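So the structure is just underneath, and the comments pick up after that.
Please read all numbers here as calculations on a predicted model, not as lab measurements.
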Amino acid sequence: MKTIDYWVYLAFSAFKLFLFSLYTDTPFSFGFFLISLSSALLLSSWTLLIDARKRRWILLSLLALHSTLLISDVWYYRYFGDLLSVQLIPSMTQMNDVGGGFMSLIRWTDFLFFADFLLFLLFIFALKKSQTVPAQKANGKLAAVIATVGLLLFSAPLFMSIAKGERWLAGDATSNMREYYELGFWGYHGYDFGKGVVSIFRDPMPSEQDKALLLKAAADISTINKGEQPNIILVQLESLQTSVIGQEIGGEEVTPYLNTLKEEMLYFPSFHHQTHEGRTSDAEFAINSSLHPLRTGSVYTRFPDNTFAPLPEALRDSGYDTAAMHAYEASFWNRNTVYEHIGFSHFFSKKDYPDTEKIGMAINDEDFFTTSIEHMEKLKEPYFSFMVALSSHIPFEIPEDKKQLALPGYENELVRNYYHTVHYVDGAVEVLVEELKQRDMWDDSIVIFYGDHDSGLTEAGREMANKLDANGVTEQFELARQVPLWIKPPELAQGETIETVGGQIDVAPTILELAGVDQGFMLGTSLLSDTERMVVFRDGSFRKGDVYFQPDLTTVPGTGECYSIESGEQIDGSACEPYIDEALDQLRISDTVIEDNALEYIQ
């Protein structure tokens, strides 16, 4: 065959897409195969117009490009559960946030993506002796046929989707993965690139429908003032997931001190992080703004100057002295810009902390906490202090002399170091609490501790999930999504475990209620109210009471599976159905506020 090189190229391309689905444990249906093949045909048909000897090198380059993008998507998906996007470009300089943790995402089998490059290179040399040059006219016809077939295969399902009234493409897809399943690999990346270009020139303006949703949400907001404006100390603990609370390994408690805090604080074991690709910055944003993270990238880098109704601003406008404390570079994740914009009057960063022993990214949490208390003592009362701790940040690097757990039965070094760093942080929190008590800064204050997100080591079938017997759908959900929350209102007499289901967007309304300050536009509700709230996640999944909904991203919004958290079993979809649209509307409202700067239009 005169064009055998082209057909070999297509075969390799198709196999790599199957390999991607295998490595990411994502569906690979026949329909998905066809639409992915169609975009490959469209993108490569032009090579048939080129001299065969030159074409082979072009096809080799395309295979290398395809493999590079695929392996990058695999690594990104393993950490974030989503695909790369051009809209992540503003965040790329911040990705050393994950640091050496990315090494845990790499497996030697991943490099099989590049095996086709070597095989095709050998194939080229094998054909090198052939002097046959296909006629340009014949290849022109073949190229036209292939491009036409590709166009038909690509457009047919899209037109069928439009004919059925499905809104995934023109509407508000909750995840990049839905567009990946609908458009195929190259179709998704092409569509994503187009959206990125359009976003540069687009004038943000909410639609009338979105304005109506916002106005309805705003009308439902109410605040119950209970307090006198006490001092507020809000502490974010890095990568702290609920599974470590009360956990014993080899007879040793992982978090002995945090376990005892249940006796003197309100403890919420059914609290969930709602972060996405921005991870720590998403947690900060959700906690301080009561809005959801973006489906792609971080608000901190993409929309740092847009209008919200954040917690620090509400407190500052009510007379609080507001301060953020984070012992790393002030510009990291654009915090210096964002913190000022959302209402922090002070930002204590790396330059404001002593150059003492580092654990991970920055000074150790114990020194961070004690120095932060010194900064707090200089603030005017009432004050709001927001502390972002770092010692248990991935890749969980910790000095040998700080490793105090035996951890029998654990072999994965990253998992072992995670438990070591969490155990260290547990001791650092004890130092913080005792210092606050000694300086009379505990009893009269609102004090809150929470985990920003999971460890990133919770994947089913891996060591942590296996040891915790957490490989089922609901067990995986709880392991990956639940983070601990402790709240101490002023003069709390005794601790209590509260089974209320909640998420990070509910923290700001809770603080404002306790502080006696009216809230602005926030999507969360106070965790101290009797409301049975729905906790919504970025991919459209949600939990409400005992019910957990897992969406099917391979088809239109609203489809998926319903589970009982208590039993872990799949249940009839009617238990989830009444809340599906409400969950999607909540994400849509949040996106409209953030991306369209919509609060300016309704205030």
Side-chain angles (χ1 to χ4, degrees), residues 235-273 283 365 389 391-392 396 398 402-410 412 414-434 447-460 462-472 474-488 492 494-504 506-507 527 535 543 546 548 565-568:
V235 183
Q236 178 170 291
L237 300 173
E238 178 64 41
S239 303
L240 188 69
Q241 58 192 44
T242 300
S243 66
V244 302
I245 307 303
Q247 182 180 5
E248 292 187 8
I249 300 176
E252 294 180 295
E253 291 180 288
V254 178
T255 57
Y257 182 72
L258 291 174
N259 296 342
T260 67
L261 282 183
K262 301 175 186 178
E263 300 170 7
E264 51 185 320
M265 301 182 78
L266 305 179
Y267 175 61
F268 296 78
S270 296
F271 181 73
H272 305 77
H273 78 86
D365 278 359
S391 286
S392 47
F396 314 121
I398 184 169
K402 296 289 193 298
K403 297 180 179 181
Q404 299 179 357
L405 298 173
L407 302 175
Y410 282 85
N412 185 297
L414 205 60
V415 174
R416 289 176 61 85
N417 284 342
Y418 171 68
Y419 284 125
H420 284 308
T421 55
V422 165
H423 185 72
Y424 166 77
V425 170
D426 177 82
V429 172
E430 181 177 12
V431 170
L432 169 61
V433 173
E434 292 307 312
V447 182
I448 299 175
F449 299 107
Y450 70 94
D452 63 347
H453 52 71
D454 66 291
S455 61
L457 305 174
T458 61
E459 184 182 351
R462 310 292 281 182
E463 186 172 68
M464 181 180 288
N466 289 341
K467 292 287 187 182
L468 295 170
D469 193 22
N471 288 312
T474 56
E475 292 88 353
Q476 264 287 294
F477 162 70
E478 292 182 297
L479 178 61
R481 279 294 178 182
Q482 287 187 341
V483 292
L485 170 70
W486 296 265
I487 299 177
K488 188 201 72 64
L492 181 68
Q494 185 176 350
E496 181 183 354
T497 296
I498 299 178
E499 297 295 340
T500 294
V501 175
Q504 288 172 330
D506 299 312
V507 171
L527 292 163
V535 184
R543 178 179 178 183
D546 180 55
Y548 169 61
I565 293 291
E566 184 177 0
S567 69

Flag for Gln404-Tyr424: side-chain donor and acceptor within less than 3.5 Å: no

Atom pair CD/OG1 of Glu430 and Thr260 - distance to nearest 0.5 Å: 7.0 Å

Minimum-distance pair of heavy atoms, taken over all atoms of Ala470 and Leu479: CB-CD2, 3.8 Å

N/O donor-acceptor pair under 3.5 Å between Arg416 side chain and Tyr410 backbone: yes

Phe271 side, atom CZ; Gln482 side, atom CD - distance, nearest 0.5 Å: 11.0 Å

Side chain to side chain, Ser270 and Thr500, heavy atoms closer than 4.5 Å: no

Sidechain-backbone polar pair: Glu252 side chain, Ala406 backbone, donor-acceptor under 3.5 Å: yes

Greater than 12 external heavy atoms within 6.0 Å of Glu566's CD: no

Residue pair Leu468 / Gln247, side-chain heavy-atom distance below 4.5 Å: yes

Residues Gln476 and Asn471: side-chain donor-acceptor under 3.5 angstrom: no

Glu248 vs Val254 side-chain heavy atoms within contact, under 4.5 Å: no

Close side-chain approach of Thr255 to His423, heavy-atom, < 4.5 Å: no

Ser392-Glu238 side chain donor-acceptor pair, cut-off 3.5 Å: no

Test of ring centre spacing under 6.0 Å for Phe477 and His272: yes

Beyond-backbone contact of Pro408 with Ile249, side-chain heavy atoms, under 4.5 angstrom: yes

Shortest non-hydrogen contact from Tyr418 toward Ser239: OH-O, 2.7 Å

Residues His273 and Asp454: side-chain donor-acceptor under 3.5 angstrom: yes

Closest non-hydrogen atom pair between Val447 and Met265, with its separation: O-CE, 3.3 Å

Sidechain-backbone polar pair: Lys488 side chain, Leu261 backbone, donor-acceptor under 3.5 Å: no

Which atom of Ala465 lies closest to which atom of Ala460, heavy atoms considered: CB-CA, 4.1 Å

Distance, nearest 0.5 Å, that separates CD1 of Ile448 from CG of Leu485: 7.0 Å

Inter-residue atom distance Leu457.CG - Gln241.CD, 0.5 Å rounding: 7.5 Å

Euclidean distance, Phe396 CZ relative to Tyr419 OH, rounded to 0.5 Å: 10.5 Å

Nearest heavy-atom neighbours spanning Glu463 and Gly409: OE2-O, 3.9 Å

Pair Leu492-Glu264, side chain to side chain contact (heavy atoms under 4.5 Å, CB included): steps then yes or no: CA-CA 7 Å; Leu492 181 68; Glu264 51 185 320; over 6 Å; no

Donor on one side chain, acceptor on other, Ser391 and Asp365, under 3.5 Å: yes

Minimum side-chain heavy-atom gap Leu258-Val429 below 4.5 Å: yes

Validation row: Glu475, Asp469 side chains within 4.5 angstrom (heavy atoms): no

Derivation of the side chain to side chain contact (heavy atoms under 4.5 Å, CB included) call for Val433 and Tyr257: CA-CA 10 Å; Val433 173; Tyr257 182 72; 3.2 Å; yes

CG on Leu266 to CD1 on Ile498, rounded to 0.5 Å: 4.5 Å

Within-4.5 Å side-chain heavy-atom neighbours: Thr242 and Phe268: no

Flag, side chain of Asp506 to backbone of Gly502, donor-acceptor distance under 3.5 Å: no

Glu496 and Tyr267: side chain donor to acceptor below 3.5 Å: no

Over all atoms of both residues, closest heavy-atom pair of Leu240 and Asp452: N-OD1, 4.3 Å

